[in-house]
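Have a look at the structure below, then the notes.
Along the sequence shown, the residues carry numbers beginning at 1.
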Amino acid sequence: MLSFLKEKRTGFFFFFLSSAVWCAFILLYRLPFAAFLYPFSICAALGLVLLAFSFAAFRKKTGALKKVSPPIVSPLPPPETEAEKEYQRLIADLTRENEGNLKEAEEKRKDAEDYFTVWAHQIKTPLASMRLSLENEDGNLSRKLRSDLNRTEQYVGMVLTYLRLDRSASDFVFRETPLDPLIRAEAKRFAPDFISKKIGFVFEPTGKTAVTDEKWLSFVLGQLLSNAVKYTKEGTVTVSVTDPLALSVSDTGIGIAPEDLPRVFEKGYTGRNGRTDLSASGIGLYLCRRVCEALGIGIRAESEPGKGTTVYLDLSKEHGRYE
């Protein structure tokens, strides 16, 4: 109602100004005041009727406009003035330009995605060849190279995961997945890191299973183990499975500052540790959160600076999206 009155304020001003002029004219010529009051009352009544029709048309038009949201797919209300025609012409031009820009941006995004997908798959060939070459070697140098190779393969996996995140629904295969073999396989990948840094690995088999996608859960677990090894100088990394079904990865590393803990799963956020470790990208835990959201897995972290960090994955059916 207020917006309607503001829109019609010029008409109201003109009406009251005209009434004031008529009143002054009546007083100046000493005419009976009834000569002014009678026509004023008729004009005011007619004005109120016209105002009511105008308000109804205003409500109808604003209601129609509120139903239109970008991108504009439904027609706008018919223009009533030349100014409205020009506004609608500008909106139509901007809509066409925006659609063209969106199409161009989507084509560029798809080209970049295709390129990096091909690159990620091609780089796997020389990496596999390097791993075969190191398979029969055992020494400090070969263990160091295997550790670096393992981290390189992990980064390639992060690239593929990042590319697949927004189109991964069709890639999910949910089934009963034994957790013990999955944990052992991921721990084995990081064995060179545990050995070179003299860090203990603790895991007690439980024989438990979870309804999940094995490949995507392996990515999350691998990322958590990678972070645990990366930020632990001495001590142990422990993987546990508890009831109700939850998988946790704990370390005795440098920990996370309390002010950083609520934001560790944000994209690109590295916090205090990122200022001491320039290689931190803030992407790993962000990808873990995105994958867990897609799998219907709860993820949270607890940490104390100087004592270590524990990340929990809630695999229970009560939390998950899929059963």
Is a donor on one side and an acceptor on the other found under 3.5 Å between the side chain of [X] and the backbone of [Y]?
X	Y	result
R143	S196	no
K208	L179	no
D251	T309	yes
T177	V211	no
S129	T125	no
D180	G207	yes
S316	D314	no

Distance, nearest 0.5 Å, that separates [atom1] of [X] from [atom2] of [Y]:
X	Y	atom1	atom2	value
L134	L149	CG	CG	6.5 Å
Y286	Y162	OH	OH	5.5 Å
L145	N140	CG	CG	11.0 Å
F116	I123	CZ	CD1	12.5 Å
T161	I283	OG1	CD1	12.0 Å

Indicate if [X] and [Y] have the same hydrophobic cluster label, given that clusters are the connected sets of ILVMFWY residues with side-chain heavy-atom separations under 4.5 angstrom.
X	Y	value
Y155	V291	yes
I195	F190	no
V159	Y115	yes
L221	V202	no

Write down the atom of [X], the atom of [Y], and the distance for their closest heavy-atom approach.
X	Y	answer
S248	Y312	CB-CD2, 3.6 Å
C292	L313	SG-CD2, 3.9 Å
G222	R189	CA-NH2, 4.0 Å
E302	L261	CA-CD2, 4.3 Å
L285	F265	O-CD2, 3.5 Å
T252	G235	OG1-CA, 3.3 Å

| Is there a side chain to side chain contact (heavy atoms under 4.5 Å, CB included) between L287 and F219 once you walk through the steps? | CA-CA 9 Å; L287 291 176; F219 169 81; 4.0 Å; yes
Are side-chain heavy atoms of [X] and [Y] found at a separation under 4.5 Å?
X	Y	result
S142	P192	no
D93	E97	no
N227	V311	no

Checklist line | Geometric class of the F203/F201 ring pair [parallel <30°, tilted 30-60°, perpendicular >60°] | finding: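 Tilted.
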>> Around atom NZ of K215, are there more than 12 heavy atoms from other residues, nucleotides or ligands closer than 6.0 Å?
In response: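 Count over threshold, so yes.
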Can we say [X] and [Y] salt-bridge, meaning some charged N sits less than 4.0 Å from an Asp/Glu carboxylate O?
X	Y	answer
R131	E153	yes
R151	D193	yes
E106	R109	yes
E99	K103	no

If you apply the rule side chain to side chain contact (heavy atoms under 4.5 Å, CB included), what do you find for I183 with L247, and how did you get there?
CA-CA 10 Å; I183 294 170; L247 189 155; 3.9 Å; yes
Q. Side chain to side chain contact (heavy atoms under 4.5 Å, CB included) between K267 and R289: does it pass, once the steps are laid out?
A. CA-CA 10 Å; K267 182 179 180 180; R289 176 178 66 80; 5.7 Å; no
Are a donor atom and an acceptor atom from the side chains of E176 and T209 found within less than 3.5 Å of each other?
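The criterion, which ignores hydrogens and geometry beyond distance, is satisfied for T209 and E176.
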field: Pair K124-L160, side chain to side chain contact (heavy atoms under 4.5 Å, CB included): steps then yes or no
entry: CA-CA 11 Å; K124 285 183 177 182; L160 287 172; 3.7 Å; yes
